[in-house]
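What follows is a short report on a single structure.
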Amino acid sequence: MIRAFSLSSFPLEALHYYNAMMFQGQCSPDNHTFSFVLKACEKAKAGEKCGEAHGSIIRNGYVNDVIVCTNLVRSYAGNGLIQMGKKVFDEMCQRDLVSWNAMISCYSQAGLHDEALKVYNLMRSSNVGLDEFTVVSLLSSCADVGALNFGVEISKIVDDNGFMNNVFVGNALIDMYTKCGNLDEARWVFERMRRRDVSTWNSMIVGLGVHGFGDEAVAYFRQMFTVGLRPNSVTFLGLLCGCSHQGLVEEGVEYFRTMRSKYYVEPNIKHYGCMVDLFGRAGKLEKAMEIIKSSPSADDPILWRTLLGACKIHKSVEIGEVAMRNLEHLNALSAGDCVLLARIYAEAQDKHGVSKMRKLIKSQGIKTTPGWSWIEVEGNVRRFVVADSSHTDSEETNKKLKEILHGASLVGYVEEESREEWSGNPGCYHSEKLAIAFGMARTPHGATLRVVKNLRVCRDCHSFTKFVSKAFNREIIVRDRVRFHHFKDGICSCKDYW
DNA sequence: GTAGGGTTAG
């Protein structure tokens, strides 16, 4: 009974049976019981119960059981208690391949990529080997942080070990290459794959979409039918995202309409998010607002936040204020929202509005998300925040930045003043400028730079990067929070539409 | 007779 329910969509029911069994006390749990109970805890998000089961595992003498303990690691981690999972992992008297893989994937899924890498390094010196599961988790981490060099290292491991026939591995490779900005390599992996499933196609479609190649995403979409595969909700997310970034409004509207009627895929909140973005980005702000109102969740702050972002692009104070009021009303105001509206006010020369937003941030104690950028240079991932002087070599970075600013200005770059006005600090450079400067200082002439950042690129940095690519003859690939920008010869692949 | 790990998502 516990097993059946732990595998069902009512995992809590499994815990009820476990409780009843323990309460009755006529039979004691064994190693299998715990494996299923832990699975149920993970699925049901029952962290306390997981700790309770841990106690019973100790009392019943199963602390030396590899499988039970591996389950325990996952169950803790799946409940957000990853430190507890790590403790169990460290104290296990023996760890096999599956245990190591579980620990790595837990860190990877929690976004703790440095930790995942550390575990992997320890794993290599422990003689358990590695398999397809190991590389999939590692590739997923590379994709998340945009660590192309490490990703390439792993793809060598894939080739050396003959893991390429595994469909998960191929999919993870495609995802890694697209998220690290190397679309050609992603296409090449796709071509080489012997078997492809829906996720394979989705990884390509999503990857092309975030790069702004909506038309190519559509081509893959059409082609997947010829091999008898049906699109799912992720497929449409990729498509809509691609249409949105390329400004293919009519195509996007058509896919949104037919996804339900023709392909029987019910749009969810994320699809509505894409549509708000599609209309908003294209300047159809009223249409975007209609989508929010017609969506099954008009009370979702992300939809209003997307609209607010569109108001920034198209300088609409009026609708921006509507979006803001809705966010306030939903009690979901973040500092980023206030900053956005403040910038809209600033562009409309509304000083009163700007100061109103500043006060709001202070009075509400809203935390700002610090913007950061990272770049992989000489085998290390370096992270920069705005006006970063925390590194021992920041002198070098600043010097290089001055040089680059000068070089960019010679080919036409004009630094924007509003940025300084807003930050109140003339020497306050955005993190991507620092990352680019650091990359220029530490890589040979002509080498491609790849920068990943957690927020959107600002207009000034976008213009700066265009001129740098021209002045110094460098290809610069920037992955921002939602899409890629390929800068080359003074032009960006987004065609200034972002 | 029953047990552990992996990819894509506004």
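These numbers were taken from a predicted model, which means no experiment stands behind them. By convention in this document, chain letters (A, B, ...) are assigned in the order of the sequence lines, proteins followed by strands, and residues within each chain are numbered from 1.
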How long is the line joining CG of A/L139 and C1' of B/dT8, in whole Å?
-> 13 Å
Over how many whole Å does the gap from A/L138 atom CG to B/dG6 atom P extend?
-> 13 Å
Quick one: A/F133 CZ to B/dG6 P, roughly how many Å, whole number?
-> 7 Å
Do the ring centers of A/H16 and A/F5 come within less than 6.0 Å of each other?
-> no
Does A/R74 place a side-chain N or O at less than 4.0 Å from the phosphate oxygens OP1/OP2 of B/dG6?
-> yes
Looking at every strand, decide which applies to A/S99 at a 4.0 Å heavy-atom threshold: base, sugar-phosphate, or nothing.
-> base
Contacts of A/S141 that satisfy side chain to side chain donor-acceptor pair (under 3.5 Å) - sequence neighbours left out = A/S108, A/H113
With the side chain defined as heavy atoms from C-beta on, A/V98 is closest, among B/dG4, B/dA9, B/dT7, to B/dG4
Just checking A/T306: base, sugar-phosphate only, or nothing, at a heavy-atom cut-off of under 4.0 Å?
-> nothing
Roughly how many Å is it from CD1 in A/I174 to P in B/dA9, rounded to a whole number?
-> 13 Å
Just checking A/N268: base, sugar-phosphate only, or nothing, at a heavy-atom cut-off of under 4.0 Å?
-> nothing
With the side chain defined as heavy atoms from C-beta on, A/I302 is closest, among B/dG6, B/dT2, B/dG10, to B/dG10
For A/M92 and B/dG4, what is the distance between atoms CE and P respectively, to the nearest whole Å?
-> 14 Å
Would the number of heavy atoms belonging to other residues, nucleotides or ligands and lying under 6.0 Å from CG of A/N165 be above 12?
-> yes
Taking the six-membered ring for Trp and the single ring otherwise, decide whether the centroids of A/F487 and A/H462 are under 6.0 Å apart.
-> yes
Nearest whole angstrom, please: distance from the C1' of B/dG4 to the CZ of A/F34.
-> 15 Å
For A/L7 and A/K43, which heavy atoms make the closest approach, and how far apart are they?
-> O-NZ, 3.0 Å
Look at the side chain of A/F36 and decide which nucleotide, out of B/dT2, B/dG6, B/dG10, has an atom nearest to it.
-> B/dT2
Closest to the side chain of A/S140, out of B/dG10, B/dG4, B/dT8, is B/dT8
Which residues share a side chain to side chain donor-acceptor pair (under 3.5 Å) with A/N71, sequence neighbours left out = A/S35
Side chain A/D300 and base B/dG10 donor-acceptor under 3.5 Å = yes
How about A/Y272 and A/F256: are their ring centroids closer than 6.0 Å?
-> yes
State yes or no: are the ring centers of A/F133 and A/F168 separated by less than 6.0 Å?
-> no
Decide yes or no, distance alone: a donor-acceptor N/O pair under 3.5 angstrom between the base of B/dT8 and the side-chain of A/S203.
-> no
Can we call the ring centroids of A/W100 and A/F89 under 6.0 Å apart?
-> yes
Which part of the nucleic acid, if any, lies within reach of A/D277 when heavy atoms closer than 4.0 Å are counted: base, sugar-phosphate only, or nothing?
-> nothing
Scan A/D197 against the nucleic acid and name what it touches under 4.0 Å (heavy atoms): base, sugar-phosphate only, or nothing.
-> nothing
Look at A/K179 and B/dA9 and indicate whether a side-chain polar atom (N or O) is within less than 4.0 Å of OP1 or OP2.
-> yes
Donor-acceptor pair present, A/N166 side chain and B/dG6 base, under 3.5 Å = yes
Numerically ordered, the residues 214-243 of chain A set in heavy-atom contact under 4.0 Å with DNA chain B is A/V234, A/L237
Nearest-Å distance, CE (A/M259) to C1' (B/dG10)?
-> 12 Å
Between B/dG6, B/dG4, B/dT8, which nucleotide has the shortest distance from any of its atoms to the side chain of A/S137?
-> B/dG6
What is the distance, rounded to the nearest whole Å, between atom CG of A/L278 and atom P of B/dG10?
-> 15 Å
Under the 3.5 Å rule, do the base of B/dG6 and the side chain of A/T134 count as making a donor-acceptor pair?
-> no
